[in-house]
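Reminder, nothing fancy here: chain letters follow the sequence lines and each chain counts from 1. All of these numbers come straight from a predicted model, not from anything done at the bench.
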2 protein chains.
Amino acid sequence: MPASSVPDTSIDLLLVDDHPMIVEGIRQMLLPETDLRVVAQANSGKQALELLATHPGLDVVLLDLSMPGMSGVELACAIRDNWPAIRVLALSMFHDHATVAEVLEAGGAGYVLKTASRAELSLAIRQVAAGRTYFSQDVADTLLQNRQITSSLEAADQPAITRREREILQLIAREHSNLEIAEALFISERTVETHRRNLLAKTKCKSMVGLIQYAIRHNLLS
Amino acid sequence: MPASSVPDTSIDLLLVDDHPMIVEGIRQMLLPETDLRVVAQANSGKQALELLATHPGLDVVLLDLSMPGMSGVELACAIRDNWPAIRVLALSMFHDHATVAEVLEAGGAGYVLKTASRAELSLAIRQVAAGRTYFSQDVADTLLQNRQITSSLEAADQPAITRREREILQLIAREHSNLEIAEALFISERTVETHRRNLLAKTKCKSMVGLIQYAIRHNLLS
DNA sequence: CAAAAAATACGTGGTAGCACGTAGGGTAAG
DNA sequence: CTTACCCTACGTGCTACCACGTATTTTTTG
């Protein structure tokens with residue numbers, strides 16, 4: 001029913017997830033929905049970009065957020081910048097507000113949890129394809145709990161973690177002390193402290209307890 | 001080819017995962033393998049136990065480790081104790097040695113990562129069904145790296161985290177201080193410190209940095 | 001080349017987290 | 001009833017983490 005620019009009324013999808021099992025599961029879940037066509041699937045952000053270049057007719061990209069290498073959020077930004085007409089639907093295990101906010105800032109049109117049923121998933125795809133948005137119930141609750149409209153505007157700048165910071169974060173996660181990290185990287189302990197401080201600021205965490213959770217959810221550890 | 005006690009040569013499977021997408025994905029991945037029959041699927045440990053009681057002919061249970069409520073490890077223990085003939089194949093995102101060791105202690109016959117391909121998964125199922133074991137390459141590496149045969153024998157006692165400890169762990173994860181937790185639970189700050197210490201001892205972590213990772217991997221947070 | 005960002009580094013100071021030891025009351029299991 | 005476990009609680013002391021301010025060198029980017 002919804003008017004679109006593609007010749008037929010079907011919705012063409014690209015699936016992106018590093019787990020073959022999940023890609024396969026989604027594909028098969030959507031098979032009975034005759035108006036939803038999975039025309040391509042990728043196991044990494046890099047591969048997804050290649051497929052986007054060779055598949056001009058895509059309507060919706062369904063992408064996992066936590067992937068090694070290029071994260072789902074980065075991929076979403078790339079899609080927003082290079083193929084603004086394509087709708088992005090995020091798929092994730094988690095629904096902390098930091099992650100949800102990042103997806104919104106990256107231009108995501110919807111956010112579905114991996115616990116979603118077939119019915120919910122296909123509904124979400126049709127909604128975003130029709131130009132609307134869709135959020136799983138738990139995700140919507142997260143958004144309502146923290147009415148931080150500020151974070152979607154102000155904090156939209158750059159929680160970009162640098163290579164060095166990430167390196168230090170990984171050593172922290174392995175329970176190394178500042179001194180140990182300093183000796184391992186041949187830098188001053190003060191420098192490690194500074195990196196630590198910058199990490200906390202960028203992730204808006206109060207301590208390592210929050211930072212580690214951020215790191216795991218964003219797949220920043222090995 | 002492998003001789004078995006079931007009338008025909010097919011392997012009867014129970015799938016357990018809280019994510020419908022993954023259950024569906026596995027089911028469809030195994031569909032072409034005519035000797036592997038998915039006869040039941042559950043979305044929780046509780047449901048799995050019910051299905052185990054009503055399906056006597058099961059050969060292999062393929063179960064996800066991180067599920068809300070009853071964890072995969074607990075379920076594996078229950079299967080080992082009540083249906084010792086059934087082979088358990090664990091399925092997980094992670095392969096840290098603590099988790100792998102727990103699965104072995106719980107009587108698991110194999111451990112496959114969620115990144116596994118169709119070929120690897122079906123091979124793993126046939127291996128465990130035939131009485132052998134199977135571990136994904138990364139998992140095997142983990143086992144070889146830490147030849148802590150001690151941990152499989154000595155530490156097999158009880159990293160059992162109590163209800164109260166888990167409650168405190170969740171508050172810690174929300175970045176609350178000892179004092180805040182004490183006030184919230186109407187107990188002394190000293191008591192919170194003791195719980196903290198016991199948590200570190202039971203999980204063999206050096207600090208909260210390690211404990212938080214343990215908690216996330218073991219699905220101990222909300 | 002100029003501007004911006006990243007990586008490096010120091011000082012001062014507070015306090016929360018953690019080590020280690022000890023112990024009494026409640027409750028469930030043998 | 002005894003044993004074991006959980007939850008509760010205190011004391012002492014150390015130090016790693018964190019807050020806040022500042023600044024130079026190197027690299028990247030426009």
**Q.** Value in whole Å for how far the C1' atom of D/dC7 lies from CD1 of B/Ile168
**A.** 9 Å

Q) At what distance, to the nearest 0.5 angstrom, does CE of A/Met208 lie from CD of B/Glu175? A) 9.5 Å

Q: Before giving the answer on side chain to side chain contact (heavy atoms under 4.5 Å, CB included), spell out for A/Val16 and A/Leu75 the whole-Å C-alpha distance, their side-chain angles and the decisive distance to 0.1 Å.
A: CA-CA 10 Å; A/Val16 190; A/Leu75 180 55; 4.0 Å; yes

Q: Give a yes-or-no answer on whether the side chains of A/Thr133 and A/Gln127 include a donor-acceptor pair shorter than 3.5 Å.
A: no

Q.
Categorize A/Ser207 for me: base, sugar-phosphate, or nothing, with a 4.0 angstrom heavy-atom threshold over every strand shown.
A. sugar-phosphate

Q: Would you sort out whether A/Glu180 and A/Leu171 count as a side chain to side chain contact (heavy atoms under 4.5 Å, CB included), showing the intermediate values?
A: CA-CA 9 Å; A/Glu180 288 170 340; A/Leu171 291 172; over 6 Å; no

Q. Rounding to a whole Å, what distance do you find between B/Glu193:CD and C/dT22:P?
A. 18 Å

Q) Base, sugar-phosphate, or nothing for B/Asn178, non-hydrogen atoms under 4.0 angstrom? A) sugar-phosphate

**Q.** Spacing between A/Ile187 atom CD1 and D/dT25 atom P, to the nearest angstrom
**A.** 18 Å

**Q.** Residue whose nearest DNA chain D nucleotide is more 5′ - B/Arg190 or A/Arg163
**A.** B/Arg190

Q. Is there side-chain contact between B/Ile11 and B/Val60, with at least one heavy-atom pair below 4.5 Å?
A. yes

Q.
Side-chain N or O of A/Thr162 versus OP1/OP2 of C/dA7: is the shortest distance under 4.0 Å?
A. yes

Q) In terms of side-chain geometry, is the basic nitrogen of A/Arg196 or A/Glu165 positioned less than 4.0 Å from the acidic oxygen of its partner? A) no

Q) Under 4.0 angstrom, heavy atoms only, what part of the nucleic acid is A/Arg164 near: base, sugar-phosphate, or nothing? A) sugar-phosphate

Q: To the nearest Å, give me how far apart CD (B/Glu175) and C1' (D/dC17) are.
A: 14 Å

Q) Which is true for A/Leu200 with a 4.0 Å heavy-atom rule: it touches a base, it touches only sugar-phosphate, or it touches nothing? A) sugar-phosphate

**Q.** End-to-end axis angle, where each axis spans five pairs of the helix from C/dA9-D/dT22 to C/dG24-D/dC7, to 10°
**A.** 60°

Q.
Counting distance alone, no hydrogens or angles: does the base of C/dG17 have a donor or acceptor under 3.5 Å from a partner atom on the side chain of B/Arg197?
A. no

Q) For B/Leu65, does its backbone N or O pair with a side-chain atom of B/Ser92 as donor and acceptor, under 3.5 Å? A) no

Q: Examine D/dC17: is either OP1 or OP2 under 4.0 Å from a nitrogen or oxygen in the side chain of A/Arg196? Give yes or no.
A: yes

Q) Starting at CG of B/Leu185 and ending at P of D/dA9, how long is that distance when rounded to a whole Å? A) 11 Å

Q: Give the rounded distance in Å between these two atoms: CE of A/Met208 and C1' of D/dC18.
A: 9 Å

(Q) Taking 4.0 Å as the cut-off, does a side-chain nitrogen or oxygen of A/His195 come that near to OP1 or OP2 on C/dA7? (A) no

Q: Check every strand shown and say whether B/Thr191 touches a base, only sugar-phosphate, or nothing at a heavy-atom separation below 4.0 Å.
A: base

